[in-house]
Amino acid sequence: MGNSIDHTDVDSVSGLQVRAVSVDEVAEWNRALNFGFLRPHVAVAEDLRRRQWEPGRMLAGFDGERQIATFRSFDTELTVPGGSVVQADAVTNVTVSSTHRRRGLLSAMMRRDLAAAAERGCAVAVLMAAEYNIYGRFGFGPATHGSGWRIDLRRTRGLREGLLGVPGGRIDFVTMAELRELGADLYERWRRTQPGAIERDALWWERTSGEVRTSGDDFKEPFAAVHRDAAGTVTGLVLYRIDPKWDGAYPDGALSVDEFIALDLPTAVELWRLVLSVDWVARVEVRNLGPDDPLPLLLQDPRAATPHEDNGDLVWVRVLDVEAAFGARSYGAPGRVVLEVDDKLGYASGRWALETAEDGTGRCTRTTDDADLALGASELGSLYLGAETASRLASAALVAELRPGAAAAADLLLRTPVRAWTPTEF
């Protein structure tokens with residue numbers, strides 16, 4: 001299978017060593033991380049990295065005593081279509097010094113981590129890829145996409161007339177301490193409604209609210225507003241910052257939305273009314289919304305919203321346990337399709353029958369039946385959350401259709417009402 005676990009403390013790779021770092025080595029690991037990301041002048045607070053340290057989860061490549069590669073992972077919950085969650089191994093902080101590239105360090109760290117994740121029972125692994133061409137060879141495939149917008153307020157007079165808000169609702173600005181409490185509670189309720197969303201720990205909110213700051217951090221407190229319904233329950237949140245510019249005597253400010261969460265459309269309408277009516281603002285930038293967010297269609301002139309240049313893939317998925325992963329999600333139609341998966345690391349290799357029922361449940365089990373589609377592990381990851389289609393992958397020669405119509409049939413099963421997305425970077 002190619003996924004056996006090396007239980008030794010040290011792996012030998014091209015004369016180098018890969019091993020987990022101790023808590024006493026975190027400061028040097030952090031230095032190597034920033035060096036690998038081409039920012040040697042930045043020194044993230046050591047106490048922050050110490051809080052992120054878990055035994056065996058912070059790896060490094062060593063050349064003698066010097067750390068020249070970094071890797072970290074942590075367990076999280078990933079929401080899948082239908083609202084269930086699966087345990088996921090979240091990979092982050094991956095670097096290799098430019099002096100030690102192509103010597104097997106990344107492969108050793110990744111294989112070690114994935115083997116441990118599979119042993120812990122993680123159904124999938126997830127990451128955000130800084131470069132596109134690195135992680136496919138480890139079975140990861142792009143599985144969620146973002147959708148950002150730039151809105152010219154001079155071209156639109158705000159939202160369409162007649163959009164219903166929340167009767168008896170209200171919006172209040174909140175302090176950073178209130179944000180940590182109210183935002184965390186709202187996000188926990190919201191993430192179960194959004195395929196592709198992952199957990200946020202207390203440290204995420206502490207950094208977002210400025211309670212924890214790092215060396216070189218130019219944190220500026222955002223405007224934070226929450227929406228409450230008539231019963232006082234928080235149903236939405238927006239964080240934004242303003243760059244107050246003037247064109248002579250005319251206001252020409254820009255407002256940047258950092259976070260936008262709404263549990264329903266009426267709440268979203270109320271929060272967007274706030275954002276689009278701030279004084280002295282001529283442009284609104286929303287860098288990361290879900291691909292199905294209707295924001296442009298809510299405007300009086302949808303052409304006033306133009307796509308943000310950062311739109312693209314976000315979370316990549318790697319399936320580790322096919323039966324657990326596909327058994328947890330819901331499906332769009334009843335049917336059956338057989339997948340032949342080629343997985344170089346072995347976790348998903350083989351022939352799998354995906355069978356779905358009228359009630360939206362499904363299972364994926366091994367079979368000896370003839371395959372309908374042939375694909376690699378990375379393409380399986382791309383299809384898992386439903387944000388990519390088998391038909392599109394087949395048209396790009398990334399999936400082979402072994403039975404005519406099989407790609408379209410698979411898409412009917414895998415379709416979701418809401419495309420996968422997450423607002424949480426990691």
Side-chain angles (χ1 to χ4, degrees), residues 77-88 121-126 139-145 191-198 290-292 315-343 347-396 398-422:
E77 288 182 347
L78 173 72
T79 303
V80 300
S84 295
V85 298
V86 296
Q87 184 179 355
C122 291
V124 299
V126 295
F140 289 86
T144 78
H145 291 75
R191 73 177 175 92
R192 297 302 187 101
T193 70
Q194 176 60 59
I198 66 170
D292 293 318
V315 174
W316 291 45
V317 169
R318 201 270 187 246
V319 177
L320 294 171
D321 185 330
V322 175
E323 293 191 30
F326 283 87
R329 57 156 292 176
S330 65
Y331 296 89
R336 185 176 190 270
V337 63
V338 177
L339 309 175
E340 182 77 48
V341 181
D342 178 20
D343 184 350
Y347 298 101
S349 284
R351 194 169 297 173
W352 302 89
L354 175 60
E355 300 173 287
T356 61
E358 288 279 359
D359 63 0
T361 60
R363 63 176 187 168
C364 197
T365 56
R366 291 194 179 276
T367 183
T368 58
D369 293 348
D370 292 341
D372 300 315
L373 296 173
L375 65 162
S378 59
E379 288 70 42
L380 186 70
S382 290
L383 291 173
Y384 175 56
L385 295 176
E388 185 57 89
T389 67
S391 297
R392 197 170 91 102
L393 294 178
S395 69
L398 292 170
V399 166
E401 195 172 49
L402 306 179
R403 174 177 62 82
D411 290 339
L412 287 176
L413 308 188
L414 296 167
R415 67 183 178 182
T416 61
V418 178
R419 281 181 289 178
W421 170 71
T422 181

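- Residues S382 and E388 come closest through the heavy atom pair O-CB, 3.4 Å.
- For the pair Y331/L414, a side-chain contact is recorded, criterion being any heavy-atom separation below 4.5 Å from C-beta on.
- When the side chain to side chain donor-acceptor pair (under 3.5 Å) test is applied to R329, no partner is found at least two apart in sequence or on another chain.
- L385 has its side chain within reach of P81: a pair of non-hydrogen atoms, C-beta onward, lies under 4.5 Å apart.
- Pairing each heavy atom of P334 with each of A357, the nearest pair is CB-C, 3.8 Å.
- Considering V338, T365, T368 as possible partners of R351, the one that fulfils the side chain to side chain contact (heavy atoms under 4.5 Å, CB included) test is V338.
- Taking 4.5 Å as the limit, some side-chain heavy atom of E401 sits within range of a side-chain heavy atom of L373.
- Exactly one of D369, D372, T356 qualifies for a side chain to side chain donor-acceptor pair (under 3.5 Å) with R336. That residue is D369.
- The backbone N or O of R419 sits less than 3.5 Å from a side-chain atom of D292, completing a donor-acceptor pair.
- Counting all heavy atoms, side chain and backbone alike, A143 lies closest to G381 at CB-O, 3.6 Å.
- Nearest heavy-atom pair, P291 versus W421, reported as atom, atom and distance to 0.1 Å: CD-CB, 3.7 Å.
- Here OG of S84 is found 11.0 Å from CG of L78. Values are rounded to the nearest 0.5 Å.
- A heavy-atom distance below 4.5 Å is found between the side chains of R366 and W352.
- For the residue pair A328 and V80, the shortest heavy atom distance occurs at O-CG2, 3.8 Å.
- For the pair E379 (side chain) and G376 (backbone), a donor-acceptor distance under 3.5 Å is present.
- The shortest distance between side-chain heavy atoms of V86 and V124 falls below 4.5 Å.
- Listed for the T389 side chain is no donor-acceptor partner under 3.5 Å among the backbone atoms of D411.
- Here the CG atom belonging to L339 is positioned 7.0 Å from the CG atom belonging to L380, to the nearest 0.5 angstrom.
- For the residue pair T144 and A387, the shortest heavy atom distance occurs at CA-CB, 4.4 Å.
- Pairs engaging residues 353-386 under the ring pair (Phe, Tyr, Trp, His ring centres under 6.0 Å) rule: F326-Y384 [sequence neighbours left out].
- When atom types are taken as modelled, the side chain of S330 and the backbone of G360 share no donor-acceptor pair closer than 3.5 angstrom.
- Between P142 and W316, some side-chain heavy-atom pair lies under the 4.5 Å cut-off.
- A donor-acceptor pair under 3.5 Å is absent between the side-chain atoms of E340 and the main chain of S349, judged by distance alone.
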